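Inspection log for the structure reproduced underneath, given as structure tokens.
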Amino acid sequence: MALGVYISVPFCKTKCSYCNFASGVFSKQVFKRYVNRVVEDAGRSASIATQMGGAIDREVDSIYLGGGTPTLLEPEQLARLFAAVRQPFVVAADAEITVECAPGTLSPAVIETLLLCGVNRVSLGVQSFIDKESSSVARLHTRAVTLEEIARLRAAGVENISIDLIAGLPHQTRESWDDSLLQLIDTGVPHASVYMLEIDEDSRLGRELIAGGTKYHAHFVPDEDLIAELYERAVERLNGAGISQYEISNFARAGWESKHNLKYWTRQPYLGFGVDAHSMLSCEPGGEFESVRFSTSDNLEQYVSSSGPFPTEAKGPGTHPNRTPVDESQAVEEAFFLGLRLVKGVDLEEAAERYGTPATIAFREAFAEMASAGLVEVEEGRIRLTNRGRLLSNEVFARLIDSTPATKA
């Protein structure tokens with residue numbers, strides 16, 4: 001099965017107040033050291049896979065640079081990252097190659113470099129087309145800048161453009177949200193991602209909201225009911241405009257779904273490089289485990305300074321502290337809670353064929369309970385979330401984990 005490659009570039013011009021990722025503002029002096037480290041790890045791909053107990057195919061059909069803002073790197077640094085992937089792997093001619101960008105960072109030199117490196121998809125972190133909302137969370141771009149960059153990307157031949165929006169930003173109202181949705185639709189982009197604001201201790205805005213304070217415009221954040229309503233309005237309007245929902249947070253015109261992100265939800269193998277990068281590889285058939293998951297450190301200095309295959313050196317094969325082997329029962333659990341993120345849901349016959357009928361039977365009781373609660377539905381042999389289930393998806397996934405035979409035991 002062809003591999004997906006993810007490269008984390010955790011550098012930003014500013015740290016958005018809502019951001020809970022392992023990214024931030026760093027000196028450009030760090031960029032070179034970081035790129036060197038990622039290039040080294042890419043060259044060790046085969047040995048890393050062996051150390052973690054996974055198997056990799058040399059063919060790659062998707063590459064994704066995320067972060068952070070990868071387009072803050074110098075053009076030659078971007079080129080080095082792409083070259084590093086092509087050295088150990090064979091990149092398919094029709095591979096989807098995506099770069100995340102913050103509007104305002106796509107200089108002519110960067111766009112030219114992306115094209116030379118084979119980039120054919122750009123994901124723009126717009127978050128809002130309302131300038132007041134953008135600035136309230138430390139976004140530096142304006143609506144005008146975003147529209148200019150979309151036009152320049154198209155002029156350069158990049159049609160596969162995705163736009164991110166966040167429901168629940170400070171100062172957001174039904175009217176302003178409708179304005180952002182209408183603007184997104186009017187751009188004609190083929191893909192969109194819509195996220196509900198996450199409120200947790202890992203972001204400055206989240207901590208302020210939990211504390212009941214007013215910094216970072218926290219007192220202007222919509223309440224949970226309104227955020228859910230805004231999300232539902234997005235689903236309705238985007239679907240109505242032909243940008244159909246295919247995953248809880250993702251929408252696309254027919255044929256423009258993200259090939260790379262689909263790997264995550266359908267348990268296809270992917271290999272991650274850089275800070276806080278996650279990987280999932282299949283294990284050899286007949287072994288103790290079905291697959292293995294592992295990740296790198298979320299600490300930039302620890303990652304850059306380490307000399308081992310990954311930031312925390314393992315003490316022998318399969319002993320890495322950030323390594324999680326996945327057995328058959330855990331694999332079927334993942335197949336359901338990841339597959340249910342997709343609007344089409346999970347094909348029950350395919351799941352039984354891949355993981356065995358006994359494994360899928362273990363979830364029937366949970367599915368029956370959730371169906372009676374209006375969270376899931378079964379139709380034509382597929383189980384999928386209802387509209388209500390997508391809003392309460394975390395509850396559904398928690399119930400599935402509780403139903404896993406290994407968990408019960």
Side-chain angles (χ1 to χ4, degrees), residues 1-6 8 54 57 60-64 66 95-96 98 100 121 123 160 162 164 190-196 198 231 234-235 238-239 243-272 277-282 290-295 324 326 328 330-355 359-360 363 366-367 370 375-379 381-387 389-401 404:
M1 192 178 292
L3 189 70
V5 171
Y6 175 81
S8 166
D57 194 306
V60 166
D61 65 0
S62 72
I63 302 172
Y64 196 110
E96 176 192 87
T98 304
E100 286 185 351
R121 185 173 184 271
S123 178
N160 196 351
S162 180
D164 290 359
H191 192 281
S193 298
V194 177
Y195 304 99
M196 290 188 283
E198 292 186 14
Y231 170 81
V235 172
L238 293 178
N239 280 339
I243 311 173
S244 302
Q245 185 178 30
Y246 69 97
E247 190 267 345
I248 288 176
S249 301
N250 286 273
F251 304 74
R253 300 186 189 277
W256 296 86
E257 296 82 1
S258 169
K259 180 186 293 186
H260 184 85
N261 287 339
L262 281 168
K263 289 183 180 294
Y264 301 147
W265 306 313
T266 57
R267 301 193 75 250
Q268 298 178 49
Y270 54 91
L271 189 57
H278 293 249
S279 303
M280 198 280 287
L281 298 177
S282 299
E290 190 267 353
S291 55
V292 60
R293 293 182 177 275
F294 51 94
S295 62
T324 303
V326 179
E328 288 290 342
Q330 293 166 323
V332 70
E333 170 195 303
E334 288 186 359
F336 279 120
F337 77 69
L338 291 173
L340 281 173
R341 293 189 62 90
L342 298 171
V343 170
K344 68 178 183 180
V346 178
D347 186 308
L348 294 172
E349 185 176 336
E350 286 183 8
E353 183 177 333
R354 180 172 178 180
Y355 301 105
T360 58
F363 293 92
F367 287 147
M370 290 187 286
L375 299 175
V376 301
E377 59 187 5
V378 178
E379 186 177 350
R382 304 190 74 92
I383 184 164
R384 53 178 168 260
L385 296 177
T386 61
N387 291 338
R390 291 187 194 101
L391 281 172
L392 301 174
S393 59
N394 287 338
E395 294 181 21
V396 174
F397 302 149
R399 179 70 181 88
L400 285 177
I401 291 173
T404 305

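Please read these numbers as outputs of a predicted model, since none were measured by experiment.
Using the six-membered ring where Trp is involved, Phe397 and Phe337 have ring planes that are tilted, between 30° and 60° apart.
With values rounded to the nearest 0.5 angstrom, Leu271 atom CG is found 13.0 Å from Tyr6 atom OH. How far CG of Asn261 is from OG1 of Thr266: 10.5 Å, rounded to the nearest 0.5 Å. Here Ser193 contributes atom OG and Glu247 contributes atom CD; the two are 8.0 Å apart, rounded to the nearest 0.5 Å. In this structure, CG in Asn394 is found 8.0 Å from CD1 in Ile248, a value given to the nearest 0.5 Å. One finds the CD atom of Glu96 at 10.5 Å from the CH2 atom of Trp256 (value rounded to the nearest 0.5 Å). Atom CZ in Arg267 sits 4.5 Å away from atom CE in Met280 (nearest 0.5 Å).
Residues Asp61 and Lys259 share a closest heavy-atom pair of O-CD, 3.4 Å. When all heavy atoms are compared, the tightest approach of Met1 to Pro269 is SD-CD, 3.4 Å. Closest of all the heavy-atom pairs between Ser62 and Ala95 is N-CB, 4.4 Å. Ile243 and Pro190 get closest at one heavy-atom pair: CG2-O, 4.5 Å. Smallest separation of non-hydrogen atoms from Leu340 and Ile383: CD2-O, 3.4 Å. Residues Ser244 and Asn239 approach most closely at CA-OD1, 3.2 Å, considering heavy atoms.
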Quick one: do His191 and Tyr246 satisfy side chain to side chain donor-acceptor pair (under 3.5 Å)? Show the steps, please. CA-CA 10 Å; His191 192 281; Tyr246 69 97; 2.7 Å; yes
Please walk me through it: do Val346 and Phe363 pass side-chain contact (heavy atoms from CB on, under 4.5 Å)? CA-CA 13 Å; Val346 178; Phe363 293 92; over 6 Å; no
Go through it in stages, so that I can follow the logic: the residues are Glu333 and Val326, the test is side-chain contact (heavy atoms from CB on, under 4.5 Å), and I'd like the CA-CA distance, side-chain angles, deciding distance and then a yes or no. CA-CA 10 Å; Glu333 170 195 303; Val326 179; over 6 Å; no
May I have the step-by-step check of side-chain contact (heavy atoms from CB on, under 4.5 Å) for Lys344 and Arg384, ending in yes or no? CA-CA 6 Å; Lys344 68 178 183 180; Arg384 53 178 168 260; 5.9 Å; no
Given side-chain contact (heavy atoms from CB on, under 4.5 Å), test Phe367 with Thr360 step by step and report yes or no. CA-CA 11 Å; Phe367 287 147; Thr360 58; over 6 Å; no
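Inter-residue side-chain proximity for Arg390 and Gln245 is flagged as met; some heavy-atom pair is nearer than 4.5 Å. Contact check for Asn160 versus Thr98: no side-chain heavy atoms found under the 4.5 Å cut-off. The closest side-chain heavy-atom distance from Arg293 to Glu334 is below 4.5 Å. Counting heavy atoms from C-beta on, the side chains of Asn250 and Ser258 never come closer than 4.5 Å. In this structure, Ser249 and Val194 have side chains that are not in contact, with every pair of non-hydrogen atoms separated by 4.5 Å or more.
Scanning for salt bridge (Lys or Arg N to Asp or Glu O under 4.0 Å) contacts around Asp57 gives an empty result, with sequence neighbours left out.
Checked by atom type and distance alone, the side chain of Ser279 pairs as donor or acceptor with a backbone atom of Gly272 at under 3.5 Å. The main-chain N or O of Ala331 is never found under 3.5 Å from a side-chain atom of Glu290 such that the two would form a donor-acceptor pair. Counting only distance, with no hydrogens or angles, the side chain of Glu379 and the backbone of Arg382 share no donor-acceptor pair below 3.5 Å. Put simply, the side chain of Ser282 never gets that close to the backbone of Ser291: no donor and acceptor are under 3.5 Å apart.
The six-membered or imidazole ring of Tyr270 lies away from that of Tyr64, with a centre-to-centre distance of 6.0 Å or more.
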